[in-house]
Amino acid sequence: MQNEDLATQTIERKQRHVELCLEGDVDFNKRSGFERYEFRHNAVPELNLNEIDLSTTFLSKKINYPLMISSMTGGYNGATQVNAMLAEACEALNIPLGIGSMRQALESEAHRESFSVVRKVAPTIPIFANIGAAEVAAGLSTAQTKLLVDLVRADALIVHLNAAQELFQPEGNTNFKGFLGELRKLCKRLSVPVIAKEVGNGISGEVAKRLIDAGVRAIDVAGAGGTNWQKVEVLRYEERFNRDERFTEGGFAELMNWGIPTAECLEDLRLLRRRKAYRSIQVIASGGISNGVEIAKALALGADIAALAKPFLKAAFEPDGAEAVKAFALRLMNDLRATMFLVGAKTIKALKIEKIAERRG
Ligand SMILES: Cc1cc2nc3c(=O)[nH]c(=O)nc-3n(C[C@H](O)[C@H](O)[C@H](O)COP(=O)(O)O)c2cc1C
């Protein structure tokens with residue numbers, strides 16, 4: 001395919017992803033795993049609710065809440081406005097923002113503004129650039145990595161691992177060969193930390209270990225239970241092709257709910273971080289997180305911060321999007337604070353696994 005066609009295809013795909021996530025049934029038919037945990041109620045919290053401190057540090061930056069808006073969009077016409085609203089809310093809250101895959105910015109100069117706008121609107125918060133594993137595996141040049149980081153003055157680069165999505169994507173790139181070697185080189189030469197992230201199929205402890213050994217400084221587990229990219233890509237496939245051609249013959253139907261539930265990934269990473277060499281790695285909990293109690297559970301299971309994607313996208317499409325995003329984030333944090341009160345945890349650090357009493361199933 002010609003470079004120009006490829007660039008046009010990427011632009012169309014990025015726009016359709018957002019539309020399908022807003023309109024379609026694109027959630028997993030299984031849950032993120034937090035329902036298996038119950039906090040132990042503390043009848044004597046010995047705390048003043050107003051003194052509970054939700055601030056924390058992520059990748060050496062002080063942030064007001066253990067919350068982040070996960071990578072979503074950029075690279076098409078309407079993305080500038082969406083990213084500006086997300087950035088405005090994050091700046092007001094002093095929380096990190098991940099932007100969507102910047103592959104489109106590498107393919108053409110059109111729509112670069114849809115990425116760079118976040119730094120204009122949010123000059124002070126941590127912003128994370130984003131690129132896919134397939135692009136890393138193919139080998140990024142120094143000029144390309146510089147462009148990714150410079151365009152948003154990024155504090156870190158997220159590399160997203162999306163093998164299942166590429167597998168289900170009509171035009172997906174399923175060549176991940178040589179990825180770890182290229183990742184190692186990238187981590188070495190980059191001036192900012194690298195974060196490895198899934199997109200909804202989860203990262204196991206064993207995979208996290210390999211990523212950390214290659215040089216990444218943080219893992220965003222992005223586990224199963226929320227947005228399901230197998231479903232999103234099947235919807236796109238059905239729009240463009242005869243579904244039977246690929247999905248019935250290949251037996252892909254059995255893989256529609258493939259993925260490690262988010263809470264299970266966190267358990268794995270908690271065990272990994274008991275080992276001295278992996279203790280300093282930072283962990284982002286994401287994938288199907290929908291309320292403040294789940295955020296509290298994620299933190300108690302060892303995550304440093306929690307991240308949500310689709311729920312924030314939906315808020316951004318409400319009237320006065322930036323305000324709606326901010327209000328939703330504050331509602332999550334209010335519920336987190338209330339949960340911390342009821343378990344007697346004054347700080348994020350005090351939210352520990354011991355506060356969880358039951359594990360079901
Ligand atoms: C519209 C949309 C676009 C996304 N695009 C990207 C992307 O470009 N890069 C990436 O790393 N993740 C992307 N994601 C995945 C999210 O960052 C997140 O890992 C996933 O949606 C699970 O979180 P959720 O259940 O809270 O939505 C996207 C998610 C949505 C909803």
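Side-chain atoms are counted along with the backbone in the values below, which use heavy atoms only and exclude waters and symmetry mates. It should be emphasised that the depicted structure is a prediction, and the values quoted were computed from it without experimental measurement. Atoms within a ligand are numbered from 1 in the order they appear, just like the ligands themselves.
- Annotation: Lys14 places an N or O atom under 3.5 Å from an N or O atom of ligand 1; distance criterion only.
- Of the protein's non-hydrogen atoms, Gly288 N, 2.9 Å is the one closest to atom 25 (O) of ligand 1.
- Under the 4.5 Å side-chain heavy-atom criterion for Ile, Leu, Val, Met, Phe, Trp and Tyr, Ile203 and Phe34 are members of the same hydrophobic cluster.
- Ranking the protein heavy atoms by distance from atom 29 (C) of ligand 1 puts Trp229 CZ2, 3.3 Å first.
- Looking at residues two or more places apart in sequence or on another chain, you find no ring pair (Phe, Tyr, Trp, His ring centres under 6.0 Å) involving Phe115.
- Atoms of ligand 1 found under 4.0 Å from any heavy atom of Ala222, numbered from 1 in the order shown, are 19 (O).
- Every atom of ligand 1 with a heavy atom of Gly226 under 4.0 Å away is listed here by number and element: 25 (O).
- The environment of NZ in Lys30 is crowded: more than 12 heavy-atom neighbours from other residues, nucleotides or ligands sit within 6.0 Å.
- Nearest to atom 5 (N) of ligand 1 by heavy atom, out of Met72, Lys314, Arg16, is Met72.
- No single ILVMFWY cluster, assembled from side-chain heavy atoms under 4.5 Å apart, contains both Phe176 and Leu186.
- Taking every non-hydrogen atom of Gly100 and a distance limit under 4.0 Å, the qualifying atoms of ligand 1 come out as 8 (O).
- Considering only non-hydrogen protein atoms, atom 8 (O) of ligand 1 sits nearest to Ser101 N, 2.7 Å.
- Not a single heavy atom of Phe312 sits closer than 4.0 Å to an atom of ligand 1.
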Review point. Are Ser286 and Asp220 close enough, and set up right, to give a side-chain hydrogen bond (donor to acceptor under 3.5 Å, both in side chains), and what steps lead you there?
Key: CA-CA 7 Å; Ser286 79; Asp220 180 344; 2.7 Å; yes
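- Among all non-hydrogen protein atoms, the one lying nearest atom 20 (C) of ligand 1 is Val199 O, 3.4 Å.
- The option with the heavy atom closest to atom 9 (N) of ligand 1, from among Thr73, Asn130, Leu308, is Asn130.
- Contact analysis leaves Ile289 out of contact with ligand 1, as no non-hydrogen atom separation drops below 4.0 angstrom.
- Just one residue in the list His111, Gln104, Arg112 forms a side-chain hydrogen bond (donor to acceptor under 3.5 Å, both in side chains) with Ser108, and that residue is Gln104.
- Note on Glu107 versus Arg103: salt bridge recorded, some NZ/NE/NH1/NH2 to OD/OE distance being below 4.0 Å.
- Considering backbone and side-chain N/O atoms, Thr227 comes within less than 3.5 Å of an N/O atom of ligand 1.
- Protein heavy atom at the shortest distance from atom 26 (O) of ligand 1 is Ala309 N, 2.9 Å.
- Here the protein heavy atom with the shortest distance to atom 31 (C) of ligand 1 is Cys21 SG, 3.7 Å.
- The nearest protein atom to atom 16 (C) of ligand 1, hydrogens excluded, is given as Ser71 O, 3.4 Å; this is a heavy-atom distance.
- Counting heavy atoms from C-beta outward, Met72 and Phe312 have side chains that approach closer than 4.5 Å.
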Practice item. Could you check Leu140 against Arg189 for side chain to side chain contact (heavy atoms under 4.5 Å, CB included), going step by step and ending with a plain yes or no? Key: CA-CA 11 Å; Leu140 290 171; Arg189 72 165 190 257; 4.1 Å; yes
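- Taking every non-hydrogen atom of Ser70 and a distance limit under 4.0 Å, the qualifying atoms of ligand 1 come out as 17 (O).
- Remark: Arg236 engages Glu233 in a salt bridge, criterion side-chain N to carboxylate O under 4.0 Å.
- Gln165 and Asn201 form no side-chain donor-acceptor contact under 3.5 Å, judged by distance and modelled atom types alone.
- Of all protein heavy atoms, the one closest to atom 12 (N) of ligand 1 is Lys197 NZ, 2.9 Å.
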